Amino acid sequence: MDLYCVMGNPVEHSRSPAIHARFAELTGEAVTYERRLIPLDGFAQGVRAFMAQGGRGCNVTVPFKTEAPGLATECSERVQLAGAANTLSLRADGSIHADNTDGLGLVADITRNAGVPLAGRDVLLIGAGGAAAGVLGPLLRAGVRHVTVANRTLAKAQALVQAHGPLASLQKAELLALAPQALEADFDVIINATASSLAGGDVPVAARVLRPGALAYDMMYGPAAQGFLDWARAHGAVPRDGLGMLVEQAAEAFHIWRGVRPPSAQVLQELQA
Ligand code: ATR
């Protein structure tokens, strides 16, 4: 059995072990996947200890995603743009390759599972923290026409937009940073990458951003997404939570590690049931 894990703090709630166990079962890959609670100041040590035990790869979750690239020998272009990694490949020669599959997971869930095309679409990304940074590059690569990044702290949205300027030009996409109260346009797809529902706060944008029938996506799932999903439904949008993104980012990590694509849509259906 090859050993993998998810490292985080807290990590008890993580659904990654169950998802990867099911992927291994369905693909016949010889994979064991554990959950590791890592002390807040012990990430580098945790990764080294895991490598010493023969660990082949790990997923990285809160709060270590931005620390992870610093440990890597090589970082993918996605990691360099996002400044964060969620997937480490641990090699026998001691080298570490870092990737970020969050954005690929989001794009796969929207386009394949929800059946909503992104090419040519106008997208609103709410938030400019780690979660938003992880998905902006893959959204641009998916061929969107326009992305506005709206954040309470405008300077953070501007910094994210500036870092992604060259990729946006390459993709011939418009990219704009705005304060939430300055939003006047409406959008085909609205993505909530803030923790606003968690804090019990209001949705940080006005309902006029929703085009009729727009997809309103919260990157969280479970109770943390509920406020945003209720708001979206009440204003005629199609709500979707981030469970599919979770499964799809795991599938991308599994593919990086094993070279095999697991049946992610089936596993998502099983979890939803
Ligand atoms: P994560 O890794 O989950 O993105 P983060 O990097 O701390 O966490 O970023 C949190 C994001 O949620 C930020 O965009 C934050 O806005 P600020 O940059 O202005 O802090 C946003 N956020 C958190 N609570 C919010 C609230 N109640 N209303 C609006 N935005 C909120």
Side-chain angles (χ1 to χ4, degrees), residues 6-11 13-16 38 40 43 59-70 75 78-88 98-107 109 123-139 147-164 175-183 187 190-210 216-232 241-246 249-250 253:
V6 55
M7 295 190 181
N9 187 339
V11 78
H13 65 282
S14 173
R15 299 180 82 165
S16 293
I38 302 294
L40 290 175
F43 180 64
N59 284 132
V60 182
T61 187
V62 175
F64 302 120
K65 285 186 187 186
T66 51
E67 198 179 335
C75 292
R78 285 189 289 268
V79 170
Q80 291 170 37
L81 263 181
N86 76 336
T87 303
L88 300 180
D99 210 329
N100 191 323
T101 64
D102 284 334
L104 298 178
L106 174 71
V107 168
D109 189 47
V123 177
L124 174 63
L125 181 61
I126 311 165
V135 302
L136 183 52
L139 282 172
V147 183
T148 292
V149 181
N151 194 47
R152 182 175 63 177
T153 310
L154 178 59
K156 278 168 69 180
Q158 288 168 330
L160 201 56
V161 162
Q162 195 177 12
H164 286 74
L175 181 57
L176 199 67
L178 282 178
Q181 58 283 10
L183 285 167
F187 299 85
I190 289 90
I191 300 166
N192 186 18
T194 74
S196 63
S197 311
L198 255 193
D202 289 337
V203 171
V205 295
R208 65 172 176 270
V209 301
L210 298 164
Y217 197 104
D218 198 309
M219 285 170 54
M220 305 232 175
Y221 57 89
Q226 205 54 52
F228 181 82
L229 300 181
D230 291 345
W231 169 85
D241 75 7
L243 188 61
M245 175 180 171
L246 178 78
Q249 64 76 30

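Keep in mind the model is a prediction, meaning the values are calculated, not measured. Note that ligands are numbered from 1 as they come in the structure, with each ligand's atoms numbered from 1 the same way.
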TODO: Please identify each residue that fulfils ring-ring contact (aromatic ring centres under 6.0 Å, His included) with Tyr221, with sequence neighbours left out.
DONE: none
- [ ] Please identify each residue that fulfils ring-ring contact (aromatic ring centres under 6.0 Å, His included) with Phe228, with sequence neighbours left out.
- [x] Trp231
Open item on the list: I'd like the name of whichever of Arg152, Lys65, Met219, Met220 reaches closest to atom 26 (C) of ligand 1 through any heavy atom.
Closed with: Arg152
- [ ] Would you indicate whether Gln80, at its atom CD, is surrounded by more than 12 heavy atoms from other residues, nucleotides or ligands within a distance under 6.0 Å?
- [x] yes
Open item on the list: If you count every heavy atom of other residues, nucleotides or ligands that lies below 6.0 Å from Asp230 atom CG, does the total exceed 12?
Closed with: yes
Open item on the list: Residue-level breakdown please: for Asn151 versus ligand 1, do any non-hydrogen atoms fall below 4.0 Å on the side chain, on the backbone, on both, or on neither?
Closed with: side chain
TODO: Of the side chain and backbone of Ala131, name the one, both, or neither that has a heavy atom under 4.0 Å from an atom of ligand 1.
DONE: both
- [ ] Report the C-alpha distance between Val147 and His164 in whole Å, list the side-chain angles of each, state the deciding distance to 0.1 Å, and finish with yes or no for side-chain contact (heavy atoms from CB on, under 4.5 Å).
- [x] CA-CA 11 Å; Val147 183; His164 286 74; over 6 Å; no
- [ ] Report yes if Pro204 has an N/O atom closer than 3.5 Å to an N/O atom of ligand 1; otherwise report no.
- [x] no
Task: Polar contact flag for Ala132 and ligand 1 (N/O pairs, less than 3.5 Å) - done: no
Task: Distance filter under 4.0 Å to Gly127 heavy atoms, resulting ligand 1 atoms - done: 14 (O)
TODO: Enumerate the atoms of ligand 1 whose separation from the nearest heavy atom of Lys156 is less than 4.0 angstrom.
DONE: 17 (P), 18 (O), 20 (O)
TODO: Check each of Val123, Leu81, Leu175 against Leu136 using the side chain to side chain contact (heavy atoms under 4.5 Å, CB included) test, and report the only one that passes.
DONE: Leu175
